[in-house]
Amino acid sequence: MTSEYFRRLRQFLAAFSAIAGAAIFVFLVALPARAEPSYGLSMYGSPALPPDFVSLPYANPDAPKGGRIVTGNTGGFDSLNPFILKGTPPWQLRFLGYESLLGRNYDEPFGLYGLLAESVEVGANRHWVEFTLRKNARFSDGSPVTLEDVIWSYKTLGTQGHPRYLGFWSKVASIEATGPRSLRLTFNTEDRELPLIAGLRPILKKAQWEGREFGAATLEPPIGTGPYVVSEYEPGRHVTLKRNPDYWGANLPLMQGRANFDEIRIEFFGDASVMFEAFKAGELNVLRESNAEKWARQYDFPAMQSGDVVKSEIADGKPSGITGFVMNTRHAPFNDWRVRQAMLLAFNFEYMNDTITGGRQKRITSYFSGTDLGMRPGPAKDRVKTLLAPFADELLPGALDGYELPKADGTARNRKNLHRAMTFLAKAGWTAQHGKLTNAKGVPLRFSILLPQGSSEKQAFANIFIQALARIGIDATLDVVDNAQYFKRLETYDFDMTDIRRGFSLSPGNEQRLYWGAKGVDTPGSRNLMGMNSPAAEAMIDTMLATDDAAEFTAAVRALDRVLMSGRYIIPTYDFGVGRIAHSKHLHYPAHVPVYGDGPWFMPDVWWYE
């Protein structure tokens with residue numbers, strides 16, 4: 001396939017015509033059994049960009065350098081190390097100051113190109129991957145990146161880093177230098193995605209941590225190779241990053257038109273409403289907005305009226321992902337699927353959506369909705385049915401015969417669904433006694449909803465939900481804590497119900513096991529908040545990772561979607577639909593938007609000040 005074909009197809013995707021089907025077709029092309037050293041790597045087939053590409057398609061190589069962007073976070077921070085479990089760092093840090101051997105193109109499902117590495121090679125069936133470092137790769141302090149640094153980074157992150165890095169390391173049989181600037185990782189597992197994951201591990205400087213514990217929370221940032229370095233900070237208040245004038249990779253094609261701001265400042269606020277007022281007052285010059293109703297009605301302040309602030313909407317072609325309230329199945333009452341179904345029935349989304357967002361945002365209907373990867377309505381058919389059949393005895397109702405979310409009538413009372421909820425609760429052993437639901441031992445049904453400070457919109461959803469639950473005798477409470485407590489309790493699964501957001505790509509893979517895998521039930525800090533333990537889900541993920549067939553991959557993802565939805569682990573809220581960014585008129589972005597839409601790879605990565 002020619003580069004012209006891919007260029008036209010990307011335009012096709014960005015225009016939202018048959019987004020997902022086209023995207024899946026792009027990346028599910030047959031892969032040769034063995035590849036020579038290459039400038040890039042794709043999940044399937046060849047990278048979309050040619051060897052002589054001059055920049056990413058969504059970056060402006062002529063963008064001016066300079067200026068300042070000031071954004072905001074809610075909560076606080078007590079660490080500047082984004083690669084460990086301890087502490088709460090600003091989430092943006094790992095995207096701004098650190099690099100990997102390969103870098104992503106967010107305008108194709110999963111395409112990687114040389115960054116710290118000048119070339120990459122994979123073996124037959126991708127059982128190993130070999131990288132060759134660039135001679136001029138440097139850390140921000142000017143020291144060269146060595147094989148020793150790379151090997152140390154893989155081992156240290158894989159044994160002492162955040163749990164998101166541990167799963168990959170368990171699949172590495174060996175890592176060794178194969179030349180003055182080359183190293184090879186050999187895998188012990190059949191998994192076609194592992195070479196790409198290997199290419200995306202952050203590379204840190206070994207000498208910085210000699211004689212020190214890497215896993216201890218610290219306000220000393222790790223030394224990285226990226227274009228930005230932390231220049232100043234005040235714990236819990238603000239962090240400033242400045243562009244490194246001696247950044248080693250400034251002339252790489254992959255970096256043209258990126259990292260354009262001289263300074264990126266992150267201010268911290270107690271809650272979203274205070275942050276919005278700071279933006280209106282000009283203390284911030286960019287703000288992401290998730291609420292469509294607020295976007296439509298509350299952005300009429302003087303700076304907007306004068307044209308000094310403008311609104312931009314950024315479309316994308318990725319799956320909806322899942323956003324909502326997750327139930328912890330590790331203990332009662334949510335270890336019973338009938339109680340979880342009752343929660344879905346009692347959650348009056350139609351009324352809440354109308355009240356909180358003006359009904360402007362569509363509900364998420366499945367984990368991969370909006371793309372060809374999402375489950376299809378009705379009973380499972382064809383290959384999806386065949387993949388799920390061996391697990392028929394363990395699957396919950398709806399997985400094979402069809403499942404869809406309950407729909408309310410839009411009224412505040414939601415009588416019909418509350419009555420149905422009571423039926424499911426009765427089957428689970430909960431009956432009304434003196435206006436309260438209790439089990440056979442007389443223990444009342446009560447639980448709390450854990451949320452962080454500053455999450456005003458989530459709290460609004462939770463409060464309406466709590467009122468509905470009270471009408472059927474359930475004692476639910478809202479537990480709002482500061483960010484440090486919130487993340488600590490998530491890490492130890494110390495909650496009954498909490499909020500969740502999982503965004504997905506057009507090439508789902510190993511991260512799905514991190515989100516839903518059985519190892520996360522007991523491992524602190526995993527992303528498996530619901531405590532899901534499903535052999536069916538594990539088998540679908542195995543199929544996704546092992547197959548090189550387009551139809552098989554799609555069927556496995558659709559089957560996984562069915563297992564997740566029928567498991568009734570999460571009460572979905574709304575799909576964001578588009579990225580909404582309000583910003584100073586002096587902040588600009590390229591006309592071509594990547595298929596993955598907005599994210600740190602877009603704003604601030606390819607924006608500029610002019």
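- Using bins of under 30°, 30° to 60° and over 60° for the plane-to-plane angle, the ring pair Trp607/His583 lands in the perpendicular bin.
- The aromatic rings of Phe77 and Phe268 sit tilted relative to each other, their planes meeting at an angle between 30° and 60°.
- For Arg68 and Phe261, the positive end is not near the middle of the six-membered ring at less than 6.0 Å and at most 45° from its axis.
- Rounded to the nearest 0.5 angstrom, Thr357 OG1 and Lys362 NZ are separated by 13.0 Å.
- For the pair Asn244 (side chain) and Pro227 (backbone), a donor-acceptor distance under 3.5 Å is absent.
- Asn510 and Lys171 share a donor-acceptor pair across their side chains, judged by distance under 3.5 Å alone.
- Using modelled atom types and a 3.5 Å distance limit, the side chains of Glu313 and Trp295 yield a donor-acceptor pair.
- With 3.5 Å as the limit, one finds no donor-acceptor pair spanning the side chains of Thr189 and Asp191.
- Between the side chain of Asp354 and the backbone N or O of Glu350 there is no donor-acceptor pair closer than 3.5 Å.
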Go through Asn348 and Ile464 one step at a time and tell me if the side-chain contact (heavy atoms from CB on, under 4.5 Å) criterion holds. CA-CA 8 Å; Asn348 191 354; Ile464 297 175; 5.7 Å; no
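- Between the side chains of Gln92 and Asn73, a donor-acceptor pair is found at a separation under 3.5 Å.
- Side chains of Trp209 and Gln160: a donor-acceptor N/O pair is absent below 3.5 angstrom, by distance only.
- In this structure, Val593 and Asp316 have side chains that are not in contact, with every pair of non-hydrogen atoms separated by 4.5 Å or more.
- From Ser320, atom OG reaches atom CD1 of Ile364 across 5.0 Å, with rounding to the nearest 0.5 Å.
- Between atom CE of residue Met497 and atom CG of residue Leu529 there is a gap of 13.0 Å, rounded to the nearest 0.5 Å.
- A donor-acceptor pair under 3.5 Å links the side-chain atoms of Gln361 to the main chain of Ala292, judged by distance alone.
- The closest donor-acceptor contact from the side chain of Arg164 to the backbone of Leu514 lies at 3.5 Å or more, if one exists at all.
- A donor-acceptor pair under 3.5 Å is absent between the side-chain atoms of Asn260 and the main chain of Tyr609, judged by distance alone.
- Ring-plane geometry between Trp152 and Phe214 is classed as perpendicular, the angle between the planes exceeding 60 degrees on a 0 to 90 degree scale with a lower cut at 30.
- For the pair Asp496 and Arg446, the salt-bridge criterion is not met [side-chain N within less than 4.0 Å of a carboxylate O].
- The salt bridge (charged side-chain N to carboxylate O under 4.0 Å, His left out) search around Lys86 returns none, not counting sequence neighbours.
- Annotation: cation-pi pair Arg104/Tyr106 present, NZ/CZ under 6.0 Å from the ring centroid and within 45° of its normal.
- Within the 4.5 Å cutoff, the side chain of Val480 has no heavy atoms near those of the Tyr486 side chain.
- Residue-environment remark: OH (Tyr493) exceeds the threshold of 12 foreign heavy atoms within 6.0 Å.
- A salt bridge between Asp479 and Arg489 is present, with a side-chain N of the basic residue lying under 4.0 Å from a carboxylate O of the acidic one.
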Chi angles and distances behind the ring pair (Phe, Tyr, Trp, His ring centres under 6.0 Å) call for Tyr58, Tyr589: CA-CA 9 Å; Tyr58 53 93; Tyr589 59 89; over 10 Å; no
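- Atoms CD1 and OH, from Ile322 and Tyr569 in turn, are 13.0 Å apart once rounded to the nearest 0.5 Å.
- Using modelled atom types, no side-chain atom of Ser526 and backbone atom of Asp522 make a donor-acceptor pair closer than 3.5 Å.
- Under the 4.5 Å side-chain criterion, counting only non-hydrogen atoms from C-beta, Phe461 is not in contact with Gln459.
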Under the side chain to side chain donor-acceptor pair (under 3.5 Å) criterion, do Asp141 and Ser143 qualify, and how do the steps go? CA-CA 6 Å; Asp141 64 356; Ser143 60; 2.7 Å; yes
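- Using a 4.5 Å cut-off on side-chain heavy atoms (C-beta onward), Thr573 and Phe347 make contact.
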Does Thr240 form a side-chain contact (heavy atoms from CB on, under 4.5 Å) with Ile264? I'd like the steps, not just the answer. CA-CA 6 Å; Thr240 299; Ile264 298 174; over 6 Å; no
Arg288 and Asp598: salt bridge (charged side-chain N to carboxylate O under 4.0 Å, His left out), yes or no, with the steps? CA-CA 10 Å; Arg288 284 185 170 98; Asp598 178 45; 2.6 Å; yes
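- Residues Asp561 and Ser366 bring a donor and an acceptor atom of their side chains to less than 3.5 Å of each other.
- Surrounding CZ of Arg237 are at most 12 heavy atoms belonging to other residues, nucleotides or ligands under 6.0 Å away.
- The neighbour count for Lys294 NZ, taken as heavy atoms of other residues, nucleotides or ligands under 6.0 Å away, is above 12.
- Here Arg243 does not pair with Glu263 in a salt bridge; the nearest charged N to carboxylate O distance is not below 4.0 Å.
- Two residues are said to be in side-chain contact when any heavy atoms from C-beta on lie closer than 4.5 Å; Pro89 and Leu80 fail this criterion.
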Verdict with supporting geometry, Phe83 and His162, ring pair (Phe, Tyr, Trp, His ring centres under 6.0 Å): CA-CA 6 Å; Phe83 306 111; His162 193 280; 9.9 Å; no
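- Between Asp149 and Lys205 there is no salt bridge, since no side-chain nitrogen of the basic residue lies less than 4.0 Å from a carboxylate oxygen of the acidic one.
- Defined by atom type and a distance below 3.5 Å, a donor-acceptor pair is missing between the side-chain atoms of Trp337 and Gln341.
- Side-chain atoms of Gln485 and Asp482, non-hydrogen and from C-beta on, do get closer than 4.5 Å to each other.
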Given Glu99 and Trp248, is the side-chain contact (heavy atoms from CB on, under 4.5 Å) satisfied, shown in steps? CA-CA 11 Å; Glu99 294 176 325; Trp248 75 273; 3.0 Å; yes
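- A donor-acceptor pair is defined here as one N or O able to donate and one able to accept, closer than 3.5 Å; such a pair exists between the side chain of Ser584 and the backbone of His586.
- Between the side chain of Thr156 and the main chain of Ser153, no donor-acceptor pair closer than 3.5 Å is present.
- Of the possible polar contacts, none joining the Tyr165 side chain to the Tyr154 backbone as a donor-acceptor pair under 3.5 Å is found.
- The closest side-chain heavy-atom distance from Thr71 to Leu287 is not below 4.5 Å.
- The salt bridge (Lys or Arg N to Asp or Glu O under 4.0 Å) analysis of residues 498-511, with sequence neighbours excluded, yields the pairs Lys458-Asp499.
- Rounding to the nearest 0.5 Å gives a distance of 4.5 Å between CG of Leu101 and CD1 of Ile203.
- With rounding to the nearest 0.5 Å, the separation of OG in Ser505 from OH in Tyr596 is 4.0 Å.
- Between the side chain of Glu289 and the backbone N or O of Asn291 there is at least one donor-acceptor pair closer than 3.5 Å.
- Atom CD of Gln298 sits in a crowded spot, with more than 12 heavy atoms from other residues, nucleotides or ligands closer than 6.0 Å.
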side-chain contact (heavy atoms from CB on, under 4.5 Å) between Asn335 and Arg330: does it pass, once the steps are laid out? CA-CA 6 Å; Asn335 58 342; Arg330 294 173 178 84; over 6 Å; no
Could you please spell out the steps behind the ring pair (Phe, Tyr, Trp, His ring centres under 6.0 Å) verdict for Phe276 and Tyr299? CA-CA 10 Å; Phe276 182 54; Tyr299 281 75; 5.0 Å; yes
